[in-house]
Amino acid sequence: MDKLNLKSLTKRFGDLTVVDNLNLTLRSGEFVSLLGPSGCGKTTTLRMIAGFVTPTAGAVEMDGRQLSSASTSLPPEKRRMSMIFQSYALWPNMTVEQNVAFGLKMRKVARDEQTRRVGQILDVVQLRHLAARYPNELSGGQQQRVSLARALVVQPEILLLDEPLSNLDANLREEMRGEIRRLHDEFGITSIYVTHDQAEAMTTSDRIAVMNKGRIEQIDDPLTLYTRPKTRYVAEFIGRSNILEGRPNGSSVAFDGFEVALARLGTGGPIHTNEFSLRSQNVALHAACPSGDAVIVPGNITERAFLGETWDYAFRADACGLKVRVTSPPLNIFAVGQKVWLEINPSHIVPIQEDHHA
Amino acid sequence: MAELGIARNRDAAPAGFGAAVRNALSPTTLVALLLAAVLVFLVANPLFQLVKDSFTRASDHSFTFANYVTAFGRPRYVQALINSVELGAAAAIFASIIAVPLAWGVSRTDMPGRGFVHVMVLASFLIPPFVGAIGWILLGGPNAGWINKAWIALTGASAGPFNIFTFWGLALVTALYSFPLIYIFTKSALDLISTEMEEAAAILGAGPVQTTFRVTLPLALPAIIGSVFLVFLEVLGLYGTPALIAIPAGFNVVTTQLAAFFENPVRIEVAAAFSMPMVGITIALLWVQRRLLARKSYVTVGGKGGHREPMALGTFRWVLFGYAMAVASLTVFMPLIIILQTSLSKAWALPMSAANFTLKNFQQVLFDQVTVRQALVNTFQYAIITATICTFLGFAIAYISQRRLLPWSQLLANITLAPFAVPGIVLAICFYAAYAPPPFSLYGLGALVVIAFVTRFLPISFTNSNSAIQGLHPELEEAVRIAGGNQARALWSVVLPILKKSLFGSWLLIFIIGTRELSTAMFLSGPQTRVVSVLTLELSEQGQYEMLSAISVLLLVVTGVLTLLGTTILGRDFMLRRN
């Protein structure tokens, strides 16, 4: 069942198009991330859903009912949504309890019902013992949990999260993104999560929409996004990719230094591009020529860097100009200049479309 | 490396006698010791003399409580104290009724003409309170005041309804020229509240009105209350307006009562004792105000804020605009028009006509009347000297305390700020007590007025410099040191060039308020060292409103021109950057 529908949503500020003809549908209970660098239009999209920004064209629909269009916009307070802000926006003049109860008060929930639900949600986020504290007396992680409780207690139609973890330090961030997913699984609230951090998006989301210059480049589940990037932009934004040039040639594709049969690429169907993505983690280096039916390219190491959990090698083929970056486990050690064999599984070579914006 | 310069000085104290001597000979230390001596002279000694005199018998200089018995033994004197507190409370309430809606309107709504309203508030801030009071005497005097005359002409009544010479008249006029303080504090608090705070309320179901009353205003409340206290204190120490209005109305407030103790014979010891409650109240309220504003988390909550949508008020925005314009008429338009008209009239009570028009008042003020001319020259001379000394001294102390060039530099800072807790008129008593009698015998010299002014305005130049230096990263200076320059070189080549605008800003601000300072000058200026503000009180007693208006116009023109200059160079709100 569709919960939220963004139809050709567009926002222009003067000459600047921030969100460009964006279409997105969320199923009920789904958790979708908008992922992209700053300035890609993800926050503006979220604020149009919330009703803080009126679209220039297109529409926002919830449960088939129109909320926003260029001509009319239901004010935020009538949308029955919740939002987690980057700054948490906890009101410093109210206690934790008062902050959490605010939305219930606005919804005219009876007093004892308010108390019960506030207590319940504070138990869920494990903060009941701090109910009488003021926000400035809490740590960053606790403030974050208060803001989650405040958003969830009203059982919103949709939960909007605007870079909620960007003010936390690294450890806490990992803990909280697990917490956010756990709460989502518990309450099943349709959620939209705006972030520029791919790890956050990967760990929390059912689907990720990668945004670039006001458009969605690709929307897929995290694994598909990683293994089958559709555009060069996505291939380079998610993980680390080698972009290979290949010329489709009848039933095979010719790359610099090797050739692969179309059938082995595992894409099915014809290919209309000269660009292919190859993840640096999906290739292997060997000190001796391996056997098997994978593609083998001889060459040597030109650069290396130890990144702590992995090695980052630069490989150059002997016979041609092929250069590939390879990510290897810590114990696969090769010296610069060492003779090596590169092993490529052709099914990891993914054709990518021409960029929308190229 | 970054800690080097600081660490050396910190270690110097316990490093033995030889090191202490070497350290004492370093130029920074010499400068700091000099500053300490200056501060003792300007601040510590006068304050000490005030307390000491209040316990001293005038005849034989022995210890006594008699001054307190005299000061608080008469119901009339106690009543003056009560009147002051009541006046302060009434004016503070009026002022917040005026200021808070305007601040909210300008900061958060789509009220039309927000920029203009802001400028009008700044204009009321710039009008010296006693000039405003003179304007209101001309407007609201019981018989001849223009408002009453207009009323009589319109209704045919035999007497006008309005009398400025009453408690409530005084409270209103006082509020009209002290409300900008509340406006400034409230507006900057509202400006600082993150938009996300309001959006969080909106998304949870609060409409604009609910958001305003449940989130926005409560968040600004500490700033509002703090500034209301400040207005209360300002009114408590105000001398000019009560002298012009309360005395003719037949009642006294603390300041006018203090002035009475200074009439022949001068009873300085009684005045000192009588000023103690005022100092006590001031210190107590400033402490409360600091506590209120100390909850910084109220305003420094970050977030990306984003694009702030002003609240749409519908037709109510015109109501709010009308209110703002009414306030502007009462504080700026009406008083200034009446003063300008009076300054160009032969007799102010007569209607405007060609026969009544004259430029003679200006000729008198600028050329004919030696006393007036002398007072004008004195005023500008003292203001220039005061502003220059204050800017220099304030910067030096701020720099030393910020960069912790001495172990006890924080103490220097605290002493510098102390005069802020002393009303101007009490400061005048301090200086009279400390430096009028031998061995200093400064009474009648311009120097006495200037040093009192310097002490009074030093907290302003200090806080200005302090926040400017705070915004300057120490690494800029450390880069000079590591490149081979000494501290003085760092100061001269980097710090001063960067801060010159902000230093000019505090010079200008102190010059402007120096030209209008009344209460500090009151007891300190002799016949040859009279300043314009003191002169206006005398002219008012003599009923010379035409000349008085001409002086006011001159003062306003100078203030206006300098403000425009400051605005052009430093931006519109250069006067407001005080903490």
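Lettering follows sequence order; numbering is per chain, from 1. Model, not experiment: these values are computed from the prediction.
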Chemist: In Å and rounded to the nearest 0.5 Å, what is the OG1 to CE distance from B/Thr211 to A/Met106?
Modeler: 7.5 Å

Chemist: Does atom CG (A/Asp169) have a neighbourhood of more than 12 heavy atoms from anything else shown, all under 6.0 Å?
Modeler: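 Result for CG/A/Asp169: enclosed.
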
Chemist: Distance from B/Glu196 atom CD to A/Ile84 atom CD1, nearest 0.5 Å?
Modeler: 11.5 Å

Chemist: Compare every heavy atom of B/Ala202 with every heavy atom of A/Phe52, then report the nearest pair and how far apart it is.
Modeler: CE2-CB, 4.1 Å

Chemist: Just so I know, are the side chains of A/Ser82 and B/Leu204 near enough to count as touching, which here means a heavy-atom distance under 4.5 Å?
Modeler: yes

Chemist: With A/Asn93, which of B/Leu217, B/Val215, B/Leu219, B/Leu221 fulfils side-chain contact (heavy atoms from CB on, under 4.5 Å)?
Modeler: B/Leu219

Chemist: Answer whether the closest heavy-atom distance between the side chains of B/Met197 and A/Ser87 falls below 4.5 Å.
Modeler: no

Chemist: Looking at CZ of A/Phe102 and CD of B/Gln210, how far apart are the two atoms once the value is rounded to the nearest 0.5 Å?
Modeler: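 That separation rounds to 6.5 Å.
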
Chemist: Go through B/Glu199 and A/Arg47 one step at a time and tell me if the side chain to side chain contact (heavy atoms under 4.5 Å, CB included) criterion holds.
Modeler: CA-CA 10 Å; B/Glu199 289 177 350; A/Arg47 294 172 65 79; 2.5 Å; yes

Chemist: Can you tell me which portion of A/Arg107 sits under 4.5 Å from chain B's heavy atoms? Options are side chain, backbone, both or neither.
Modeler: side chain

Chemist: Select, from A/Arg80, A/Lys105, A/Arg150, the one with the greatest count of heavy-atom pairs under 4.5 Å involving chain B.
Modeler: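 Top count of heavy-atom pairs under 4.5 Å with chain B: A/Arg150.
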
Chemist: Please report the shortest heavy-atom distance between A/Glu77 and B/Ala206, naming the atom on each side.
Modeler: CB-O, 3.4 Å

Chemist: Assess whether atom CZ of A/Arg12 is packed by more than 12 heavy atoms of other residues, nucleotides or ligands within 6.0 Å.
Modeler: no

